[in-house]
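Note that the structure is a prediction, hence the values are computed from the model and not measured. Just so it is clear, the values below take in all heavy atoms, side chains as well, and ignore hydrogens, waters and symmetry mates.
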Amino acid sequence: MTHLNHRLHEHLQSLDAQGLLRSIVQTKPLAKGRIEVDGKQYLNLSGNDYLGLGSDATLLRKFYASLVSDGDCSLYALGIGASRLMTGSSAAYQQLEDSLARLYGKERALVFNSGWQLNTGVLSALIRKGDLVLADRLCHASLIDGLRLTGAKVIRYPHLDYEKLKNLLRQHCGPSSVVFIVTESIFSMDGDCADLPALAALRHKYGAVLYVDEAHAVGVRGERGLGLAEEQGVLDQIDLLIGTFGKAWAGQGAFIVGSRLLCIFLVNTARSLIFTTALPPVCIHWLNFVLPKIVAMTEERLRLTELADQLRTNLHQLGLVTGGSSQIIPVIIGDSAQAVAIAEQLHGQGWWVNAVRPPTVPPNTARLRLSLSATMNAAQLDGLPEQIASIIKS
């Protein structure tokens, strides 16, 4: 065994002993929030297809029929063969960015290939050594990795503790300093929500730059599905607002909306935009196709909220440790091996639930992450809280 293989083997053995070893599972999406794994059907409680668009066969047929009727085979292209700064952009890209800018009431929008590429590219381009970043302790890994690339001083304030954040701002803000506040709106593992008006007030008082990642809120919150900033009435008070297409939009890519100056700057400095091949044309056409539909899906958003509220209430009533106020509902187990064992038993009952373990979540907070879709109904969730409680007590 080579030195490298020995190192890899030891690391994997250590992960296995801690109940942290992961593997990839092949799945097939089905209608009504279900998936198929190894020939068996499950209710999918581990995905992010919050509006069910990714498994809507009727909608997919309409989309591809619209491409056929156009008669232009280039719309189907599965690759573009160039970065956006070379020959990889198109009128469809421009249409998407213009539509997003209008929706959000911003001067410009800029599309990236993924949320990870956006966060690492934008943060490393904007933030310089000597700046200060105050980031919520439970920010997503893509935000943390992006901040690591900046060379700036980063202080991670306690989760949703805005009194501590205010003290940090009071301590560090000065007439010549540039301070960034970085947060998610809906936190991906806890399902709880930032108080964006409180953050906007701190931004205004201390002259900070507010960066909000709305990945899990876009499509599912706000009257038009623009996210928590729309719902809380602060769209015009966020300097850098990020959304993703890979969740409720059932597509590929991510976007940032802001000033014209910001977007021109990023086109010239964001390495993850400059040095990567643009998204395939078929992906961009899908996003233009679903955009007006998502804006109109008010009923689906209300249904999803009601479904999540009811499930969370049922879990609480059984004494299970949960939280949040979104379509993401954690059930805290603590021990990683126990969380994995509970998830496997739930699989046997037809619920596809995954255990989320460190380092994705803090030590000793392994959990079941229940993620709902508007295509589900209450009957499909009947018995789930009772089953979880029963397994924990056994």
Side-chain angles (χ1 to χ4, degrees), residues 27-36 41-63 103 115 184-193 214-232 243-254 286-315 322-331 346 350-354 368-385:
T27 66
K28 177 183 178 182
L30 302 172
K32 297 182 180 178
R34 297 170 299 130
I35 58 170
E36 182 180 301
Q41 293 189 13
Y42 303 84
L43 185 67
N44 181 15
L45 294 165
S46 295
N48 296 323
D49 185 15
Y50 299 133
L51 296 176
L53 297 178
S55 57
D56 188 334
T58 301
L59 186 66
L60 287 169
R61 280 193 289 269
K62 287 181 180 178
F63 169 64
L103 269 177
E184 293 180 64
S185 61
I186 293 179
F187 287 83
S188 59
M189 292 298 123
D190 288 71
D192 50 4
C193 298
E214 291 254 46
H216 293 273
V218 165
V220 299
R221 300 297 281 263
E223 183 180 350
R224 295 171 295 166
L226 303 187
L228 199 65
E230 180 188 30
E231 181 179 296
Q232 297 183 349
T244 184
F245 302 125
K247 297 173 175 62
W249 282 59
Q252 176 65 39
W286 166 258
L287 298 173
N288 282 318
F289 176 77
V290 297
L291 184 151
K293 296 173 173 41
I294 288 172
V295 170
M297 294 180 76
T298 304
E299 182 179 334
E300 287 81 359
R301 284 186 275 277
L302 290 173
R303 186 187 313 136
L304 180 59
T305 298
E306 292 169 0
L307 194 65
D309 288 347
Q310 186 59 58
L311 178 57
R312 190 177 286 103
T313 296
N314 293 344
L315 291 164
T322 183
S325 55
S326 69
Q327 74 281 2
I328 301 167
I329 306 171
V331 180
L346 291 172
W351 287 299
W352 191 261
V353 176
N354 283 340
L368 309 176
R369 178 183 182 271
L370 309 179
S371 183
L372 304 184
S373 167
T375 58
M376 297 175 184
N377 58 61
Q380 291 176 294
L381 298 169
D382 279 349
L384 175 60

Residues that [X] engages under salt bridge (Lys or Arg N to Asp or Glu O under 4.0 Å), provided they are two or more places apart:
{"X": "E230", "answer": "R224"}
{"X": "D382", "answer": "none"}
{"X": "E299", "answer": "R303"}
{"X": "R221", "answer": "E231"}

Just how far is it from atom [atom1] of [X] to atom [atom2] of [Y], taken to the nearest 0.5 Å?
{"X": "L384", "Y": "I329", "atom1": "CG", "atom2": "CD1", "answer": "9.0 Å"}
{"X": "D309", "Y": "L311", "atom1": "CG", "atom2": "CG", "answer": "10.0 Å"}
{"X": "L346", "Y": "L43", "atom1": "CG", "atom2": "CG", "answer": "11.5 Å"}
{"X": "N354", "Y": "S46", "atom1": "CG", "atom2": "OG", "answer": "3.5 Å"}

Short question: side chain of [X], backbone of [Y] - any donor-acceptor pair under 3.5 Å?
{"X": "S371", "Y": "G47", "result": "yes"}
{"X": "T244", "Y": "G253", "result": "yes"}
{"X": "Q327", "Y": "V220", "result": "no"}
{"X": "T322", "Y": "P330", "result": "yes"}
{"X": "S326", "Y": "G191", "result": "yes"}
{"X": "Q310", "Y": "L307", "result": "no"}
{"X": "E300", "Y": "G52", "result": "no"}

Query - Pair W286-L60, side chain to side chain contact (heavy atoms under 4.5 Å, CB included): steps then yes or no - result: CA-CA 9 Å; W286 166 258; L60 287 169; 3.8 Å; yes

Query - With Q232 via side-chain hydrogen bond (donor to acceptor under 3.5 Å, both in side chains) - residues at least two apart - result: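 None.
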
Query raised in the report: Quick one: does I328's side chain get under 4.5 Å of Y50's, heavy atoms only?
Result: yes

Query raised in the report: Looking at side-chain heavy atoms only, is the closest gap between N44 and T27 below 4.5 Å?
Result: no

Any idea which heavy atoms bring [X] and [Y] closest together, and the distance?
{"X": "N48", "Y": "R369", "value": "OD1-NH2, 3.3 Å"}
{"X": "A250", "Y": "G54", "value": "CB-N, 3.3 Å"}
{"X": "V218", "Y": "L226", "value": "CG2-O, 4.1 Å"}
{"X": "P29", "Y": "S55", "value": "CB-CB, 4.4 Å"}
{"X": "T375", "Y": "G33", "value": "OG1-N, 3.2 Å"}
{"X": "W249", "Y": "L53", "value": "O-CD1, 4.3 Å"}

Query raised in the report: Angle class for the F289/F63 ring planes (parallel below 30°, perpendicular above 60°, tilted otherwise)?
Result: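 Aromatic pair F289/F63 classed tilted.
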
Requested in this report: Would you check, one step at a time, whether the test side chain to side chain contact (heavy atoms under 4.5 Å, CB included) holds for L381 with N314?
Outcome: CA-CA 10 Å; L381 298 169; N314 293 344; over 6 Å; no

Query - Derivation and outcome, side chain to side chain contact (heavy atoms under 4.5 Å, CB included), residues V331 and V353 - result: CA-CA 11 Å; V331 180; V353 176; over 6 Å; no

Report task. I would like to know whether R301 and T305 meet side chain to side chain contact (heavy atoms under 4.5 Å, CB included); could you show each step before the answer? Result -> CA-CA 6 Å; R301 284 186 275 277; T305 298; 5.6 Å; no

Query raised in the report: Which pairs with one or both residues in residues 184-193 pass salt bridge (charged side-chain N to carboxylate O under 4.0 Å, His left out), sequence neighbours excluded?
Result: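 Residue pairs with at least one partner in residues 184-193: D190-R367.
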
